[in-house]
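Below: the structure, in structure tokens.
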Amino acid sequence: QVQLVESGGGSVQAGGSLRLSCAASAYLYSWYCMGWFRQAPGKERERVATIWTRGGNAYYADSVKGRFTISIDNSKNSLNLQINSLKPEDTAMYYCAAGYSSYGGSYCWDVAKYNNWGQGTQVTVSS
């Protein structure tokens with residue numbers, strides 16, 4: 001079981017940037033799909049970005065393409081999400097998640113892959 005702890009959320013004005021981090025208790029050198037998800041009040045949880053620990057392409061929701069970048073820092077055993085050009089509609093609780101997977105790429109876009117979740121970090125964007 002992988003334990004995940006998110007950090008880096010906060011309140012920013014539109015156009016600002018944040019860097020979210022997710023510390024993982026297990027080594028990320030193994031075969032995991034890692035992802036960031038978000039849930040705004042009254043809305044369903046949505047996928048934001050996913051990546052495979054063994055490499056390959058990252059996947060992004062259309063609403064965040066070009067503004068968000070997901071990455072893995074193996075030296076710190078952490079998953080990161082760089083968020084630029086923030087918009088009020090990005091306001092949500094952001095969750096880090098992980099799930100063992102022998103395959104990456106589009107396989108990591110499947111929410112069913114994820115069985116380890118963090119507690120979330122709040123991002124609030126004001127206009």
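This is a predicted model, so every value here is computed, not measured.
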*To the nearest 0.5 Å, how far apart are CG in Leu79 and CG in Asn77?*
10.5 Å

*asked:* Using the rule given for ring-ring contact (aromatic ring centres under 6.0 Å, His included), can you reason through Trp52 versus Tyr103, listing the C-alpha separation, both sets of side-chain angles and the distance that settles it, and then say yes or no?
replied: CA-CA 8 Å; Trp52 193 41; Tyr103 301 97; 7.6 Å; no

*Does Arg19 reach the side chain of Ser7, with side-chain heavy atoms less than 4.5 Å apart?*
no

_CG (Asn57) with more than 12 external heavy atoms under 6.0 Å_ = no

*asked:* If I compare all heavy atoms of Leu4 with all of Asn116, which pair ends up nearest, and what's the gap?
replied: CD1-O, 3.4 Å

*Can you tell me how far the CG atom of Leu81 sits from the CD atom of Glu6, to the nearest 0.5 Å?*
11.0 Å

*Which value, rounded to the nearest 0.5 Å, describes the distance between Gln13 atom CD and Thr124 atom OG1?*
13.0 Å

*Any donor-acceptor N/O pair, Thr91 side chain to Val125 backbone, under 3.5 Å*: yes

_Atom pair CE (Met93) and OG1 (Thr121), whose distance is rounded to the nearest 0.5 Å_ = 7.5 Å

*Mind running salt bridge (Lys or Arg N to Asp or Glu O under 4.0 Å) on Asp62 and Lys65 for me, showing each step along the way?*
CA-CA 5 Å; Asp62 288 342; Lys65 283 181 181 177; 3.1 Å; yes

*Heavy-atom distance under 4.5 Å between the side chains of Thr53 and Met34, does that happen here?*
yes

*asked:* If I compare all heavy atoms of Pro88 with all of Ala14, which pair ends up nearest, and what's the gap?
replied: CD-CB, 4.1 Å

*asked:* I want to check a possible cation-pi pair here: Arg47 against Trp36, using under 6.0 Å from ring centre and within 45° of the ring axis as the test.
replied: no

*Single-linkage hydrophobic cluster, 4.5 Å side-chain cutoff, Tyr100 and Val111 together*: no

*Is the shortest heavy-atom distance from the side chain of Val123 to the side chain of Leu20 under 4.5 Å?*
yes

*Do Tyr59 and Ile83 share a hydrophobic cluster (ILVMFWY, side-chain heavy atoms under 4.5 Å, transitive)?*
no

_For the residue pair Asn80 / Ser21, report whether a side-chain donor-acceptor contact shorter than 3.5 Å exists._
yes

*Go through the structure and list residues passing side-chain hydrogen bond (donor to acceptor under 3.5 Å, both in side chains) with Asn84, not counting sequence neighbours.*
Ser17, Gln82

*Should we count CD of Gln3 as having more than 12 external heavy atoms under 6.0 Å?*
no

*asked:* Would you compute the distance between atom CZ of Arg38 and atom CZ of Arg45 and round it to the nearest 0.5 angstrom?
replied: 13.5 Å

*May I ask you to decide if Cys108's main-chain N or O and Tyr114's side chain share a donor-acceptor pair within less than 3.5 Å?*
yes

*Do the rings of Tyr95 and Trp117 sit parallel, tilted or perpendicular, given the 30° and 60° boundaries?*
perpendicular

*How long is the span from the CD atom in Gln122 to the OH atom in Tyr94, to the nearest 0.5 Å?*
9.0 Å

*Linking I/L/V/M/F/W/Y whenever any side-chain heavy atoms sit under 4.5 Å apart, do Val5 and Ile72 land together?*
no

*Less than 4.5 Å apart, any side-chain heavy atom of Glu46 and any of Phe37?*
no

*For the pair Tyr60 (side chain) and Arg67 (backbone), establish whether a donor and an acceptor sit closer than 3.5 Å, ignoring hydrogens and angles.*
no

